[in-house]
*Asks:* 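First the structure, then my questions, so here it is.
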Amino acid sequence: MTLLDDVDEPSDLRRLSHAQLAALAGEIRAFLVRHVAKTGGHLGPNLGVVELTLALHRTFDSPRDALLWDVGHQAYVHKIVTGRARRFAELRRRGGLSGYPSRAESPHDHIEHSHASAALSYADGMAKARELSGDKDRRVVAVVGDGALTGGLAWEALNSIAAAPRRPVVIVVNDNGRSYAPTVGGLARHLATLRTRSGHERHPDGGEQAPGSATGQTVPDARAPRVLFEDLGLTYLGPVDGHDIPALEEALERAKASEAPVVVHCVTRKGLGYRPAEEDDEDHLHGVGVIDPLTGRPPRPGGLSWSAAFGDEMVSLAAERRDLVAITAAMPGSVGLTRFAAAYPARCFDVGIAEQHAVASAAGLAMAGLHPVVALYGTFLNRALDQVLMDLALHRLGATLVVDRAGVTGDDGPSHNGLWDLALLQPVPGLRIAAPRDLPTLREELREAIAVTGAPTAVRFPRGAVGADIPALRRTGGVDVLRESHDGVLVVAVGAMAQAALDASRRCARHGVETTVVDPRWVKPLPAELIRLVTRHRAVVTVEDGLRAGGVGTALIQSLHDAGVRAHVQVLGVADGFPGQGTRAEILAEAGLAAESVAEAVIAAAETTL
Ligand SMILES: Cc1ncc(C[n+]2csc(CCOP(=O)(O)OP(=O)(O)O)c2C)c(N)n1
Ligand SMILES: CC(=O)[C@@H](O)[C@H](O)COP(=O)(O)O
Ligand SMILES: [Mg+2]
């Protein structure tokens, strides 16, 4: 029997001694490594909040008190102590345990999406609601990371929370000095100074990078700072050792008793207790796939990823184009910019988890004569739509968005799929979108994109390894013909869906249905050549890894209508909604985007037009 076996709910924690809690923390760390090594997931962040989570659940009465997790990737320990330990074998699996809080799983869970810097807004809203309902003794607690605090939305919430000095909110800053890379900017420097001054600075991440640089040297702040939060009118407690449960409980009890908003600044270590994570300089095993628990490394090296291929091309381009600069929102490694940042530190800007600022600052860079490349995940680009519209497109600026993790991502759940970019960017005047299908077209279309002046461009590709090259038979009007027939069904494949489209076309041929498979390469605006190709075929099927509604297929239908061309068009894409977690292949198949389903759609289209 282990201590963990006897923990089914937070109240079970309150009967343990501090010595037993220390032992329990060790069991939980072993549990996390054992399970996450098999399923993949967020290992470093959760190893860093073991003691903090135990102290929070001993001090506050969840779910009566609301415990909110910003991003939520660090809520595994919260799930373990709220009765879900037995479900971790299905972590991030189809129908299994979500990698983020989930109201369907537990009343202890609240915010289900993984988009950073939002938890304080929920806290502000919940605190207002509890004040209005006379429920003031039910505390609202938000755990927000130092990285998440670099997001503007968090400061919008702090401004509002600080406006009500008699409305209690407990703000727990989980300060480990890291987003993925060391957290950057003035706030990071401020927190680092507080950590250092208090003597809590115990890890090399303590320093903060020179503002703006993705690989800057640490710049310790000599001045004794006033605590930023107190200047806002918030009570500040800390820094507290985020691994010292008695110290945490003392600070959290004081915060709980306060009738004012309180910041509890906790200093933690990402990856603590698991040497491979502690020693991982890139991101302390922030997010891992299946790994060998002894080494922390994947059992076999993965293939070249789209992100790495993009990053390699950026290094080549930077040598040719001195005006080229890159921007990342706290994810230089994930978006493939590590080599570029090392080679050109002055030309790679990590702005923190601040996508709106990333795009708006790109407008400034472009106006000043440079060509910025903003690399973001598709799902996080959603946050910066106004900046794409009003800062880049309205000013007709030459800037390039590299939309990584575009399309279905899979096991990271509904808030990580990059399903919306093709639909959200369709209406942006002047913006051009490329969707490469393989490594050569990624290289080619990225070069074409950064050559565009007077309008923003976007290049979108999925998560994971780049597939095999897919050579074209010929190019006509900018459209690559991948397979040809003379009057069969025209299959328009968007980006990486080309492989599924070709596999489907081979299935169709076995059913006597001839197809022409084309890759338009640039999907906004669609090449005029597509209209001519449609007139030469009996039907059209479009295939895209994105929303059906408002995507490329819909745009083609509108273009055909505007050109007065009547055609049978079948649009294949992801239906409205939030696909649950699962592998990319599972979710694509469920959306009807696997080769077999595409073939069925093509055959049906052929039959309806006989
Ligand atoms: C809006 C947004 N942009 C980017 C991300 C990707 N992301 C996930 S976790 C993370 C770092 C979070 O750092 P912090 O808040 O300090 O939490 P920690 O991982 O250190 O516990 C980032 C950038 C995100 N979840 N949301
Ligand atoms: C929580 C978060 O947003 C990131 O950690 C994300 O889960 C990483 O996704 P990838 O694994 O696709 O890089
Ligand atoms: Mg952090």
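Just follow the structure's listing: the first ligand is 1, and inside any ligand the first atom is 1.
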*Asks:* Between Arg178 and ligand 1, which residue portion shows a heavy-atom distance shorter than 4.0 Å: side chain, backbone, both, or neither?
*Replies:* backbone

*Asks:* Just by distance, no angles: are the side chains of Ser415 and His115 close enough, under 3.5 Å, to form a donor-acceptor pair?
*Replies:* no

*Asks:* Taking backbone and side chain together, does Arg178 place any N/O/S atom at a distance below 2.8 Å from the Mg ion (ligand 3)?
*Replies:* yes

*Asks:* Under 3.5 Å, N or O to N or O, is Ser114 touching ligand 2 that way?
*Replies:* no

*Asks:* Over all heavy atoms of both residues, which pair between Leu439 and Leu304 is shortest? Give the atoms and the distance, please.
*Replies:* CD2-CD2, 3.9 Å

*Asks:* Counting heavy atoms not belonging to Arg103, are there more than 12 under 6.0 Å from its CZ?
*Replies:* no

*Asks:* For ligand 1, is any non-hydrogen atom under 4.0 Å from Asn174's backbone (N, CA, C, O), its side chain (CB onward), both, or neither?
*Replies:* side chain

*Asks:* Just jot down the ligand 1 atoms closer than 4.0 angstrom to any heavy atom of Lys270, in number order.
*Replies:* 18 (P), 19 (O), 20 (O)

*Asks:* Could you tell me the separation between the CG atom of Leu425 and the CG atom of Leu431, rounded to the nearest 0.5 Å?
*Replies:* 5.5 Å

*Asks:* Has Asn176 got an N, O or S atom lying less than 2.8 Å from the Mg ion (ligand 3)?
*Replies:* yes

*Asks:* Does Tyr180, backbone or side chain, put an N or O under 3.5 Å from an N or O of ligand 1?
*Replies:* no

*Asks:* Can we say Asp283 and Arg178 salt-bridge, meaning some charged N sits less than 4.0 Å from an Asp/Glu carboxylate O?
*Replies:* no

*Asks:* Salt bridge check, Asp109 against Arg84: does any charged N sit closer than 4.0 Å to a carboxylate O?
*Replies:* yes

*Asks:* Quick one: nearest non-hydrogen protein atom to atom 9 (S) of ligand 1, plus distance?
*Replies:* His286 CE1, 3.4 Å

*Asks:* Looking only at distances, please establish whether an N/O atom of ligand 1 is found under 3.5 Å from an N/O atom of Arg383.
*Replies:* no

*Asks:* Of all the non-hydrogen atoms in the protein, which one sits nearest to atom 3 (N) of ligand 1, and at what distance?
*Replies:* Glu355 OE2, 2.7 Å

*Asks:* Decide whether an N or O pair under 3.5 Å exists between His73 and ligand 2.
*Replies:* no

*Asks:* Is there side-chain contact between Phe349 and Ser361, with at least one heavy-atom pair below 4.5 Å?
*Replies:* no

*Asks:* Taking CZ in Arg94 as the centre, count heavy atoms belonging to other residues, nucleotides or ligands within less than 6.0 Å. Is the count above 12?
*Replies:* yes

*Asks:* Do any N or O atoms from the side chain of Asp70 and from the backbone of Ala118 form a donor-acceptor pair under 3.5 angstrom?
*Replies:* yes

*Asks:* Among Asp241, Val172, Asp244, find the one that has a side-chain contact (heavy atoms from CB on, under 4.5 Å) with Cys266.
*Replies:* Val172

*Asks:* Report the distance from atom CG of Asp421 to atom CG of Leu385, rounding to the nearest 0.5 Å.
*Replies:* 11.0 Å

*Asks:* Should you measure from each heavy atom of Arg405, which atoms of ligand 2 turn up under 4.0 Å away?
*Replies:* 10 (P), 12 (O), 13 (O)

*Asks:* So, do Val141 and Thr59 sit near enough that their side-chain heavy atoms are less than 4.5 Å apart?
*Replies:* no

*Asks:* Looking only at N/O atoms, are Gln74 and ligand 1 under 3.5 Å apart anywhere?
*Replies:* no

*Asks:* What atoms in ligand 2 come closer than 4.0 Å to a heavy atom of His286?
*Replies:* 5 (O)

*Asks:* In ligand 1, which numbered atoms sit nearer than 4.0 Å to a non-hydrogen atom of Ala148?
*Replies:* 14 (P), 15 (O)

*Asks:* Answer yes if the ring centres of Tyr100 and His416 are under 6.0 angstrom apart, and no otherwise.
*Replies:* yes

*Asks:* Give me the nearest non-hydrogen protein atom to atom 16 (O) of ligand 1 as residue plus atom name, then the distance to 0.1 Å.
*Replies:* Gly147 N, 2.7 Å

*Asks:* Using a 4.0 Å cutoff against the non-hydrogen atoms of Val71, which atoms of ligand 2 qualify?
*Replies:* 1 (C)

*Asks:* Give the residue and atom name of whichever protein heavy atom lies nearest to atom 26 (N) of ligand 1, and the separation in Å to one decimal.
*Replies:* Ala116 N, 3.0 Å

*Asks:* Looking only at non-hydrogen atoms, which of His113, His416, Arg463 approaches atom 2 (C) of ligand 2 most closely?
*Replies:* His416

*Asks:* Within ligand 1, which atoms have a heavy atom of His115 less than 4.0 Å away?
*Replies:* 26 (N)

*Asks:* Taking just the N, O or S atoms of Asp146, which one is nearest to the Mg ion (ligand 3)?
*Replies:* OD1

*Asks:* Without swapping roles, check the side chain of His42 against the backbone of Gly99 for a donor-acceptor pair under 3.5 Å.
*Replies:* no

*Asks:* Any side-chain heavy atom of Val466 sitting closer than 4.5 Å to one from Phe461?
*Replies:* no

*Asks:* Below the 3.5 angstrom mark, is there an N/O of His73, backbone or side chain, next to an N/O of ligand 1?
*Replies:* yes

*Asks:* Return yes if some donor-acceptor pair links the side-chain N/O of Arg405 with the main-chain N/O of Phe380 below 3.5 Å, else return no.
*Replies:* no

*Asks:* On a heavy-atom basis, which atom in Val351 and which in Val184 lie closest, and how many Å separate them?
*Replies:* C-CG2, 4.3 Å

*Asks:* Tell me whether Asp412 is salt-bridged to Arg463, with the criterion being a basic N under 4.0 Å from an acidic carboxylate O.
*Replies:* no

*Asks:* Given Gly151, Ser114, Pro45, Gly48, identify the one with the heavy atom nearest to atom 25 (N) of ligand 1.
*Replies:* Ser114

*Asks:* When you measure from the heavy atoms of His115 to every atom of ligand 2, does any distance fall below 4.0 Å?
*Replies:* no

*Asks:* Identify the protein heavy atom lying closest to atom 9 (O) of ligand 2, giving its residue, its atom name and the separation to 0.1 Å.
*Replies:* Asp412 OD2, 3.3 Å

*Asks:* Looking at atom 21 (O) of ligand 1, what's its closest protein heavy atom, distance included?
*Replies:* Asn176 ND2, 3.5 Å

*Asks:* As an exercise, identify every atom of ligand 1 less than 4.0 angstrom from a heavy atom of Met331.
*Replies:* 4 (C), 6 (C), 23 (C)

*Asks:* Which residue owns the protein heavy atom closest to atom 24 (C) of ligand 1, what's the atom, and how far is it?
*Replies:* Phe380 CZ, 3.3 Å

*Asks:* With heavy atoms of Asp146 as the reference, note each atom of ligand 1 found under 4.0 Å away.
*Replies:* 16 (O)

*Asks:* Checking contacts here: is it the side chain or the backbone of His42 that comes within 4.0 Å of ligand 1, counting heavy atoms only? Could be both or neither.
*Replies:* neither

*Asks:* Under 3.5 Å between some N or O of ligand 1 and some N or O of His416?
*Replies:* no

*Asks:* Going by the order shown, which atoms of ligand 2 are within less than 4.0 Å of some heavy atom of Phe380?
*Replies:* 3 (O)

*Asks:* For atom 8 (C) of ligand 2, what is the closest protein heavy atom, and at what distance to 0.1 Å?
*Replies:* Tyr180 OH, 3.2 Å

*Asks:* Give the residue, atom name and distance (to 0.1 Å) of the protein heavy atom nearest atom 13 (O) of ligand 2.
*Replies:* Tyr377 OH, 2.5 Å

*Asks:* Using 30° and 60° as the class boundaries, would you call the ring planes of Trp69 and His78 parallel, tilted or perpendicular?
*Replies:* tilted

*Asks:* Give the residue, atom name and distance (to 0.1 Å) of the protein heavy atom nearest atom 1 (C) of ligand 2.
*Replies:* Tyr100 OH, 3.2 Å

*Asks:* Identify the protein heavy atom lying closest to atom 12 (C) of ligand 1, giving its residue, its atom name and the separation to 0.1 Å.
*Replies:* Ile353 CD1, 3.8 Å

*Asks:* For the pair Phe31 and His35, name the ring-plane relationship: parallel under 30°, tilted 30 to 60°, perpendicular over 60°.
*Replies:* tilted

*Asks:* What residue and atom, counting heavy atoms only, is the protein's closest point to atom 13 (O) of ligand 1, and at what distance?
*Replies:* Ser179 CA, 3.5 Å

